[in-house]
Amino acid sequence: MTDVVDSDELLRRIQRARACAAQEARAWRERNTAGDGGSAREAEVRTLAYEVVVRVLDEILRPGAHAAES
């Protein structure tokens with residue numbers, strides 16, 4: 001964890017993390033429509049969690065982008 005990265009690399013890493021979280025949110029949203037009661041609830045919670053991660057990373061990448069939604 002002592003790697004030094006420049007701002008461009010940090011930005012790329014945040015963008016990759018955001019893309020991964022968005023993909024996971026979509027995947028869990030799809031599972032939510034196909035599941036039974038217990039697994040549907042788990043999929044709903046995981047979808048929400050990934051959506052929050054996407055929103056936080058969006059705020060890092062584009063400050064104020066979600067201000068109008070609040």
Would you tabulate the side-chain donor-acceptor contacts of residues 17-26 under 3.5 Å, counting partners in other chains and residues two or more places apart, or write 'none'?
residue: Arg18; atom: NE; partner: Asp58; partner atom: OD1; Å: 2.4

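Using a 4.0 Å cut-off between charged nitrogen and carboxylate oxygen, Arg55 and Glu59 do not count as a salt-bridge pair.
The salt bridge (charged side-chain N to carboxylate O under 4.0 Å, His left out) analysis of residues 4-13, with sequence neighbours excluded, yields the pairs Glu9-Arg12, Glu9-Arg13, Glu9-Arg16.
The side-chain contact (heavy atoms from CB on, under 4.5 Å) search around Ile14 returns Leu10, Leu57, Ile60, Leu61, not counting sequence neighbours.
Inter-residue side-chain proximity for Arg29 and Glu51 is flagged as met; some heavy-atom pair is nearer than 4.5 Å.
In the hydrophobic clustering, Trp28 connects to Tyr50, either directly or through intervening members, whenever side-chain heavy atoms lie under 4.5 Å apart.
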